[in-house]
Structures are given as structure tokens and as C-alpha cells.
Amino acid sequence: FPSHDRGAQAERTGNLIDQTDAWNTAWTWMTRASNAGDLRARYLLSAFKDAGVREPLREARGKRRMLRLVEGSRLEAERNEREVAEAGLPRAQYLHGWQLIRDERGPEGWAWLKKAYANGERLAGFDLYRIARYIWKDNAQAIAYLQSTAEEGELASVQLLSWVHGRG
């Protein structure tokens, strides 16, 4: 079994190297696409920057250390997210809104969800239904969001709207 164990360890180490190469390749290509003006790629770079990217590597004696591929910076990630959202990418507006809500900046996050909804991000309308219904306690506005997104084909909204109408 010792030769099998060495082979398994070599395979795990190879997978880690492949993973590291994959992260580096992804970072390189997203950076190129972002520099070429692709807003989606620029937004995805924020995900890397948000928490950073680290890969575990095993040294020869079995010790583990972390290889830092991308330094994390929430402030830099948020600045990048905001710039992409301000450039008008609805999905970035939606995700930025939720990030702000997670950061306990609800009113600012809700405003971004509304912008995303206005720019065609249907999921934002469904989420705004829940926010209007349970946080703002505005049932009329909640139903308006739900109806609008159901008419646009958001399946979750269609199902919920039929349930709401069924209950009266």
C-alpha cells in the first residue's frame, strides 16, 4: 500500500496545482475581459476581491500552507461593484443591492434593488415583493411588484401570485 499512498498523495498535490493554475487562468482572463470593457467580468473580479482567493498547498513534509492568489479587500470590491452597478448592468445592481443589505445598509441596498428592477432584473422585483410585504408592510406595493414580475414571466412570481389570489 505505500506505493498507492504516494500515488494518491501525488494525485491530490497535482489537483491542487491544477486548481491553482485554474484560479490564475480565470483571474487573467477576467482581468483581460474587464480591461476590454466587459462589465460582467469586472463585476466577477469583485467576488475575487471580496474575500480573496487562497489555495492550500502541501509542502514536502506534509505541512500545509496557504498560497495567496488574490488579496481580499471588501472596500475595493465594493468600489468595483458600485462602479459596475452605476454603469448600468442590472445583475450587478441587484447583487450590489443585496451586498449592501447584508452589510446592514438596507435603505441603500433597497434603492439598488429598485434600480435593478427598473432595468429589467426580474429577480429584483420578486425580492422587492418580499421586502415591501414584510419589511415596509406595504401590501399594495408588494402585490404591484409581484404582478409586474409575473407578467414578465418570473416563474416564482407567477406561482406566488396564483397562491395569493387563491387565498383571497
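The analysis underlying the following values was restricted to heavy atoms, covering all of them including side chains, and did not include hydrogens, waters or symmetry mates. Keep in mind the model is a prediction, meaning the values are calculated, not measured.
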Review point. Any ion pair linking Glu76 and Lys49 (charged N to carboxylate O, less than 4.0 Å)?
Key: yes
Exercise for review: Hey, could you give me the CD/CD distance between Glu121 and Glu154, rounded to the nearest 0.5 Å?
Suggested key: 9.0 Å
Point to revise | Spacing of Gln99 atom CD and Ile101 atom CD1 [to the nearest 0.5 Å] | key: 10.0 Å
Review point. Just by distance, do the side chain of Thr31 and the backbone of Trp27 share a donor-acceptor pair under 3.5 Å?
Key: yes
Exercise for review: Could you tell me whether Arg40 atom CZ has more than 12 heavy atoms of other residues or ligands within 6.0 Å of it?
Suggested key: no
Check your understanding: Looking at side-chain heavy atoms only, is the closest gap between Tyr43 and Asn80 below 4.5 Å?
Key -> no
Exercise for review: May I ask whether Ile143 and Trp110 are part of the same hydrophobic cluster, defined by side-chain heavy atoms of I, L, V, M, F, W, Y residues being less than 4.5 angstrom apart, directly or through others?
Suggested key: yes
Point to revise | NZ/NE/NH1/NH2 to OD/OE distance under 4.0 Å, Glu81 and Arg74 | key: yes
Review point. For Trp29, does the CH2 atom sit with more than 12 other heavy atoms under 6.0 Å from it, leaving out its own atoms?
Key: no
Exercise for review: Could you tell me whether a side-chain N or O of Thr149 sits under 3.5 Å from a main-chain N or O of Tyr145, the two making a donor and an acceptor?
Suggested key: yes
Revision key, fill the gap. dist Leu95:CG -> Leu123:CG (nearest 0.5 Å) comes out at 9.5 Å
Review point. Do Gln93 side-chain atoms and Trp112 backbone N/O form a donor-acceptor pair below 3.5 Å?
Key: no
Point to revise | Student check: side-chain heavy atoms of Asn119 and Tyr94 closer than 4.5 Å | key: no
Point to revise | Distance (rounded to the nearest 0.5 Å) between Glu151 CD and Leu146 CG | key: 10.0 Å
Exercise for review: Start with the C-alpha distance between Gln159 and Leu155, add both sets of side-chain angles, then the distance that settles side chain to side chain contact (heavy atoms under 4.5 Å, CB included), and finish with yes or no.
Suggested key: CA-CA 6 Å; Gln159 291 172 332; Leu155 184 58; 4.1 Å; yes
